[in-house]
Amino acid sequence: MSLETDVLALAVEIAREAGELAHRRRSEGVAIAATKSAVADIVTEADREVEALIRDRLAAARPGDGFLGEESGAAGGTTDVTWVVDPIDGTVNYAYGLPTYAVSVAAVAGDPDPGTWTALAGAVFAPGLGELFTAARGEGARLGGRRLAVASEVGAAGALVATGFGYDPATHAGDLERLARVMPLARDIRRIGAASVDLCYVAAGRLDAYFERGINPWDHAAGGLIVQEAGGLIGGLSGGPPSREMTIAAPPALFEAIERALTA
Ligand code: IPD
Ligand code: CA
């Protein structure tokens with residue numbers, strides 16, 4: 001088995017176990033543990049518990065690998081592999097009882113920096129939807145057993161485009177201004193509330209495109225590879241990598257059109 005296949009199998013096993021734990025905790029009720037960057041940026045007890053479970057399972061299976069998680073931060077390793085993890089992406093959905101949240105687990109080679117890493121494998125498991133999206137580098141993207149492909153063309157009505165808004169109210173005017181620039185390309189907009197799921201939906205052709213400012217590496221590490229392996233592009237502005245400045249995911253022609261609209 002290749003390294004990619006090995007780490008994908010582990011990502012899937014751990015994302016499933018972690019997702020089932022998150023789902024069980026959700027049915028027992030959600031406790032907000034703290035707020036983070038802004039009052040709207042919450043962390044639940046489950047976010048922390050689920051990340052601890054993922055970290056423990058990875059340390060047991062591949063003790064030399066590095067780790068970068070949203071809740072517990074970064075730890076270097078002795079191999080070239082780092083795991084980039086969001087234990088619950090879509091925490092606000094989770095806290096409100098909306099089903100669209102996901103565990104996102106990716107393995108990357110190199111430093112956990114989207115500008116330089118090579119994503120090896122990713123699993124996004126959405127237990128409230130009962131869907132598991134996966135990809136290994138060079139081996140395609142899948143929903144369950146089905147191969148995924150990004151939308152082949154945008155109809156005359158325009159693209160179905162997802163986006164998101166930062167937790168800090170000070171960023172909302174800018175986010176709305178960027179949305180207004182993209183709107184002429186769109187037939188309609190979706191705000192799904194979990195970046196990893198937005199990306200998987202682009203890979204599945206359920207959305208034509210996704211763009212958002214303020215996204216972190218753990219939000220897009222797995223979903224970005226799933227988009228690429230489904231024939232799409234993920235990146236930032238002016239040929240740069242996906243970053244907090246901007247992350248765009250779409251089939252190639254639409255990617256360029258959105259990038260142009262945002263930089264015009
Ligand atoms: C958030 C979600 C949301 C996006 C935010 C992310 P979290 O992740 O992906 O859709 O708009 O930018 O921070 O906080 O739920 O893990
Ligand atoms: Ca999260």
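Atoms within each ligand, like the ligands themselves, are counted from 1 in listed order. The first residue of the sequence shown is numbered 1, and numbering continues consecutively from there.
Close approach to Thr91 involves these atoms of ligand 1, each under 4.0 Å from a residue heavy atom: 15 (O). Atoms of ligand 1 lying under 4.0 Å from any heavy atom of Ala195, numbered from 1 in the order shown and given with element: 2 (C), 9 (O), 10 (O). Of all atoms in ligand 1, listed by their number and element, those nearer than 4.0 Å to a heavy atom of Ile88 are 16 (O). For ligand 1, the atoms sitting less than 4.0 Å from at least one non-hydrogen atom of Asp89 are 1 (C), 2 (C), 7 (P), 8 (O), 9 (O), 15 (O), 16 (O), numbered in the order shown with element in parentheses. Taking every non-hydrogen atom of Glu212 and a distance limit under 4.0 Å, the qualifying atoms of ligand 1 come out as 4 (C), 5 (C), 11 (O), 12 (O). Which parts of ligand 1 touch Asp219 is read off a 4.0 Å heavy-atom cut-off, strictly below it: atoms 8 (O). Remark: ligand 1 atoms within the under-4.0 Å shell around heavy atoms of Asp86 are 16 (O).
Of the heavy atoms in Ala194, only backbone atoms (N, CA, C, O) come closer than 4.0 Å to ligand 1. Contact annotation: for Arg244 versus ligand 1, there are no heavy atoms closer than 4.0 Å. When non-hydrogen atoms are compared, ligand 1 lies under 4.0 Å from the side chain of Ile215 (C-beta onward) but not from its backbone.
Between Ser196 and ligand 1, no N or O atom pair is found at a separation short of 3.5 Å. Of the polar atoms of Val92, none of the N or O atoms is found under 3.5 Å from an N or O of ligand 1, judged by distance alone. Considering backbone and side-chain atoms alike, Asp198 places every N or O at 3.5 Å or more from each N or O of ligand 1. Among the atoms of Gly193, some N or O lies under 3.5 angstrom from an N or O of ligand 1. Among the atoms of Gly90, some N or O lies under 3.5 angstrom from an N or O of ligand 1.
Between Arg147 and Glu229 the shortest side-chain heavy-atom distance does not fall below 4.5 Å. Looking at Glu13 and Arg57, their side chains never come closer than 4.5 Å, going by heavy atoms from C-beta outward. Within the 4.5 Å cutoff, side-chain heavy atoms of Val124 are placed close to those of Ile226.
The local environment of CD in Glu28 is crowded, with over 12 non-hydrogen atoms from other residues, nucleotides or ligands closer than 6.0 Å. Within a 6.0 Å sphere centred on CZ of Arg191, heavy atoms belonging to other residues, nucleotides or ligands number more than 12.
Among Phe165, Tyr94, Tyr167, the residue whose heavy atom lies nearest to atom 7 (P) of ligand 1 is Tyr167.
When distances to the Ca ion (ligand 2) are checked against a cut-off of 3.0 Å, Ile88 contributes an N, O or S atom below that limit. Between the Ca ion (ligand 2) and Glu70 there is an N/O/S contact shorter than 3.0 Å.
Side-chain atoms of Thr35 do not come within 3.5 Å of backbone N or O of Ala38 as any donor-acceptor pair. Asn216 contributes no side-chain N or O that, together with a main-chain N or O of Trp218, makes up a donor-acceptor pair within less than 3.5 Å.
The one candidate from Arg26, Arg25, Arg55 that meets the salt bridge (charged side-chain N to carboxylate O under 4.0 Å, His left out) condition with Glu49 is Arg25.
No side-chain donor from either of Ser196 and Asp86 sits under 3.5 Å from a side-chain acceptor of the other. No donor-acceptor contact under 3.5 angstrom links the side chains of Arg62 and Thr79, judged on distance only.
The name of the N, O or S atom in Asp86 nearest to the Ca ion (ligand 2) is OD1.
Residues Ala18 and Leu53 approach most closely at CA-CD2, 3.7 Å, considering heavy atoms.
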Intermediate values then yes/no, salt bridge (Lys or Arg N to Asp or Glu O under 4.0 Å), Glu20 and Arg24: CA-CA 6 Å; Glu20 277 151 22; Arg24 201 160 61 241; over 6 Å; no

